[in-house]
A.B. asks: 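To start, I am sharing the structure in question, which I have written as structure tokens.
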Amino acid sequence: MRQSSLVVVANRLPVDDNAAPDGACEWRRSPGGLASALHAILQSTPATWVGWGGGIGDAKPLPDIGSLRIRPVGLSEDELRGYYEGFANSTLWPLYHDAVEPPVFDRGWWETYRAVNRRFAEAAAEVAEPRAAVWVQDYHLQLVPAMLRELRPDLLIGFFLHVPFPPPELFMQLPRRLELLNGMLGADLVGFQRPQAAHNVAQLATKLLGAATTDDQITLGDRVVRTGAFPVSIDVAEMSALAARPDVMDHSRQLRTDLGQPKRVLLSVDRLDYTKGIEHRLTAYSELLRDGRVKVRDTVMVQVAVPSRERVESYQTLRDRIEGEVGRINGEYGRVGEPAIHYLNQPFDRADLAALYQTADVMVVTPLRDGMNLVAKEFIAARADGAGALVLSEFAGAAAELEEAFLVNPHDVDGLKATLLEAMDAQPDDLSARMAAMRAYLSRHDIVRWAREYLTTLDRSGRIAELIPHPRTPTVPVQL
Ligand code: ADP
Ligand code: F6P
């Protein structure tokens, strides 16, 4: 068994599990922040990625991708239901997102979640060389750090949560709260998107475990678990380079023509998820049309909503509601050849996303709760022209960093309508000043910096962080 000094463990692999007959495999850029972020740094890192390939049944071996080794973990149909669709995405996901959809507590799912976490821990233990660093990702694998510590006490163990960590009173609802807290605290370093999450965990550790805590460390007997905020980012260089490609710029111009050369294009790009506030923004947009503040003749909205977790009932009913509402709005306000909303329920490749971002006059990102929201950052990276407005929910982690966005509370529909109008009517010099400030920030805070900061905090010798290649320069040219 080949072993690595850096092992990343995440629910999803970035590759398809059905390699081509000649053995070649292609990167699967599955929609989702985790895959986007990790793919960007690991594609040229000597490491092993342990994860699920997306199918059902035994894991098929997958070839290395450059210097990255792939160690697939298989899931049976029952495990997919109990672990991924059940405990991870019907219990933890809604609860961690402020219970914007009621979490489901099904006692049957817990054993499956635990068994699958153990399988991931065993796979990581197998491919980690002595004293390696193992970096466990996200809520799907919250028990893995403690399991791994038991199996391999020699390892340095990191855990990073891509989603929000809820306030203690919500976490306390979880029937298995103690096991989940202890599981995560098996790590040497627990990273979050925002400092508030570390504070919430410290409060819980005091309450449930009687631990001595501060906001950056938790003492459990003779062991200290460090905690901290490490806001995740994007491959700024990749998105800037894509957006600068002549074919992408041509595509963007063509998109505008295809949309009927409107005065303004509003764009949203989300996984079709109830945390993303898609219904709230449709309500706001529909009321602007009703009030005559926006005219279909000169404004169009493009909503990309890529299917996600399609077998989970709450996602199916959300899709029905959204599609019904888009149909209603188009029926009521559209004209022949001029729909009010262009609704695209499909995946796009990175170049197509870059072209869409360039076409937008107003990028509308209105999650009710979001760990970070990488779409907002991708939009900024794609706008070397300095044009375009970002309307961003206060409840996305990105709002703490992209302060020059038009910040909004999506629950306040009147406020959302007013902010959309403000962004649509903003003067070009106001927009370019905001864009320059956000691009300058992003150019200093890209995905490589995130990974290196996390890994040097985990392993102070810097040996592990050095495995991540340095950022390609220049990243985003700053225009002031
Ligand atoms: P989440 O992790 O909740 O899905 P993020 O906004 O952080 O939310 O990340 C979404 C990622 O998925 C981004 O990198 C975005 O480019 C990608 N994505 C979103 N929609 C699509 C789509 N239709 N096709 C391909 N990728 C998409
Ligand atoms: O960012 C949160 C997250 O759950 C990631 O772990 C994942 O990449 C993304 O959302 C997409 O979800 P899924 O893997 O269920 O398609």
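Whatever order the structure lists them in is the order used to number ligands and atoms, beginning at 1.
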A.B. asks: Number the atoms of ligand 1 from 1 as they appear, then name those within less than 4.0 Å of a heavy atom of Val304, with their elements.
C.D. replies: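 Heavy-atom distances to Val304 below 4.0 Å select 23 (N).
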A.B. asks: Is any N or O atom of Gln346, backbone or side chain, closer than 3.5 Å to an N or O atom of ligand 1?
C.D. replies: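 Looking only at distances, the answer is yes, because the N/O contact criterion of under 3.5 Å is met.
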A.B. asks: For atom CG of Asp258, decide whether the heavy atoms of other residues, nucleotides or ligands shown that lie under 6.0 angstrom number more than 12.
C.D. replies: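 Result for CG/Asp258: enclosed.
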A.B. asks: Taking the six-membered ring of Phe87 (Phe, Tyr or Trp), confirm whether the NZ or CZ of Arg114 is under 6.0 Å from its centre and within 45° of its axis.
C.D. replies: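 Not satisfied by the 6.0 Å and 45° rule.
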A.B. asks: State the atoms of ligand 1, each with its element, that fall below the 4.0 Å cut-off from a heavy-atom position in Val269.
C.D. replies: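 Selected atoms, number and element: 19 (C), 20 (N).
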A.B. asks: Would you say Tyr139 and ligand 2 have an N/O pair spaced under 3.5 Å apart?
C.D. replies: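 Yes: some nitrogen or oxygen of Tyr139 is under 3.5 Å from one in ligand 2.
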A.B. asks: Have a look at ligand 1 and work out which part of Leu374, if any, has a heavy atom under 4.0 Å from it: side chain, backbone, both or neither.
C.D. replies: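 Answer for Leu374: both.
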A.B. asks: Of the side chain and backbone of Lys276, name the one, both, or neither that has a heavy atom under 4.0 Å from an atom of ligand 1.
C.D. replies: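 The answer is the side chain.
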A.B. asks: Examine Arg12 against ligand 2 and note whether any of their N/O atoms are separated by less than 3.5 Å.
C.D. replies: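 Yes, at least one N or O pair falls under 3.5 Å.
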A.B. asks: Which of the numbered atoms in ligand 2 are below 4.0 angstrom from a heavy atom of Trp93?
C.D. replies: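 Taking each heavy atom of Trp93 in turn, ligand 2 has 2 (C), 4 (O) under 4.0 Å.
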A.B. asks: Tell me which one of Ile65, Leu467, Leu68 satisfies side chain to side chain contact (heavy atoms under 4.5 Å, CB included) with Leu42.
C.D. replies: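 Passing option: Leu68.
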A.B. asks: Tell me, yes or no, whether the heavy-atom count around Glu111 atom CD, taken from other residues, nucleotides or ligands under 6.0 Å, exceeds 12.
C.D. replies: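 Yes, CD of Glu111 has more than 12 neighbouring heavy atoms, counting only those of other groups under 6.0 Å.
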A.B. asks: N/O to N/O below 3.5 Å, does that happen between Ser308 and ligand 2?
C.D. replies: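 The answer is no, given that Ser308 and ligand 2 share no N or O pair closer than 3.5 Å.
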A.B. asks: Please collect all salt bridge (Lys or Arg N to Asp or Glu O under 4.0 Å) contacts where either partner lies in residues 181-193, sequence neighbours excluded, each pair once.
C.D. replies: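 Those involving residues 181-193 are Arg149-Asp188.
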A.B. asks: Asp138 to ligand 2: N or O pair under 3.5 Å?
C.D. replies: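 Yes, Asp138 has an N/O under 3.5 Å of an N/O on ligand 2.
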A.B. asks: Does the side chain of Pro164 reach to within under 4.5 Å of the side chain of Phe395, using non-hydrogen atoms?
C.D. replies: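 No - every pair of side-chain heavy atoms lies 4.5 Å or more apart.
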A.B. asks: Under 4.0 Å from a heavy atom of His140: give me the atoms of ligand 2 that qualify, with their elements.
C.D. replies: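 By the 4.0 Å cutoff, the relevant atoms are 4 (O), 6 (O).
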A.B. asks: Contact between ligand 1 and His162 is defined here as a heavy atom of the residue under 4.0 Å from a ligand atom; is it met?
C.D. replies: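 Distance cut 4.0 Å: His162 fails for ligand 1.
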A.B. asks: Does only the side chain of Asp273 get under 4.0 Å from ligand 1, or the backbone, or both, or neither? Count heavy atoms.
C.D. replies: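 It is neither; nothing of Asp273 touches ligand 1.
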A.B. asks: Heavy-atom contacts with Arg271 under 4.0 Å: which atoms of ligand 1 show up? List them by number with element.
C.D. replies: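 Under 4.0 Å from Arg271, ligand 1 has these atoms: 1 (P), 3 (O), 4 (O).
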A.B. asks: Could you check whether any side-chain heavy atom of Ile447 comes within less than 4.5 Å of a side-chain heavy atom of Ile234, counting everything from C-beta outward?
C.D. replies: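 Not in contact.
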A.B. asks: Indicate yes or no: does an N/O atom of Val306 lie under 3.5 Å from an N/O atom of ligand 1?
C.D. replies: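 So ligand 1 has no N or O lying under 3.5 Å from an N or O of Val306.
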A.B. asks: Could a heavy atom of Met372 be found less than 4.0 Å from some atom of ligand 1?
C.D. replies: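 Checking ligand 1 against Met372, which is what was asked, there is no heavy-atom contact under 4.0 Å.
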A.B. asks: Compute the shortest N/O to N/O distance between Val375 and ligand 1 and return yes if it is under 3.5 Å, no if not.
C.D. replies: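 Val375 vs ligand 1: N/O contact under 3.5 Å present.
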A.B. asks: Classify the angle between the aromatic ring planes of Phe171 and Tyr96 as parallel (below 30°), tilted (30 to 60°) or perpendicular (above 60°).
C.D. replies: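 Answer is tilted, since the angle falls between 30° and 60°.
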A.B. asks: Ion pair present between Asp235 and Arg350, side-chain N to carboxylate O less than 4.0 angstrom?
C.D. replies: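 Salt bridge absent between Asp235 and Arg350.
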A.B. asks: Under 3.5 Å, is there a donor-acceptor pair between the Tyr84 and Arg12 side chains?
C.D. replies: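 Side-chain D/A pair, Tyr84 to Arg12: present.
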A.B. asks: Mind checking whether Phe192 and Phe230 have ring centres under 6.0 Å apart?
C.D. replies: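 They do not qualify: ring centres at least 6.0 Å apart.
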A.B. asks: Only heavy atoms of Arg350, strictly under 4.0 Å: list the atoms of ligand 1 that pass.
C.D. replies: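 Checking each atom against Arg350, I get 14 (O), 16 (O).
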A.B. asks: Can you name the atoms of ligand 1, numbered from 1 with element, that are less than 4.0 Å from a heavy atom of Leu353?
C.D. replies: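 Taking each heavy atom of Leu353 in turn, ligand 1 has 16 (O), 25 (C), 26 (N), 27 (C) under 4.0 Å.
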A.B. asks: Would you mind telling me if ligand 2 is within reach of the side chain of Arg271, the backbone, both or neither, using heavy atoms under 4.0 Å?
C.D. replies: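 Arg271 to ligand 2: side-chain contact only, backbone stays beyond 4.0 Å.
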A.B. asks: Scan residues 367-389 for pairs that pass ring pair (Phe, Tyr, Trp, His ring centres under 6.0 Å), counting only residues two or more places apart or in two chains.
C.D. replies: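 Sorted pair list comes back empty.
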A.B. asks: What atoms of ligand 1 come closer than 4.0 angstrom to any heavy atom of Asn373?
C.D. replies: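 This gives 6 (O), 7 (O) as the contact atoms.
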A.B. asks: State yes or no: are the ring centers of Phe160 and Trp450 separated by less than 6.0 Å?
C.D. replies: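 Yes, close enough.
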A.B. asks: Below 3.5 angstrom, do we get any N/O pair linking Tyr84 and ligand 2?
C.D. replies: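 Yes, Tyr84 has an N/O under 3.5 Å of an N/O on ligand 2.
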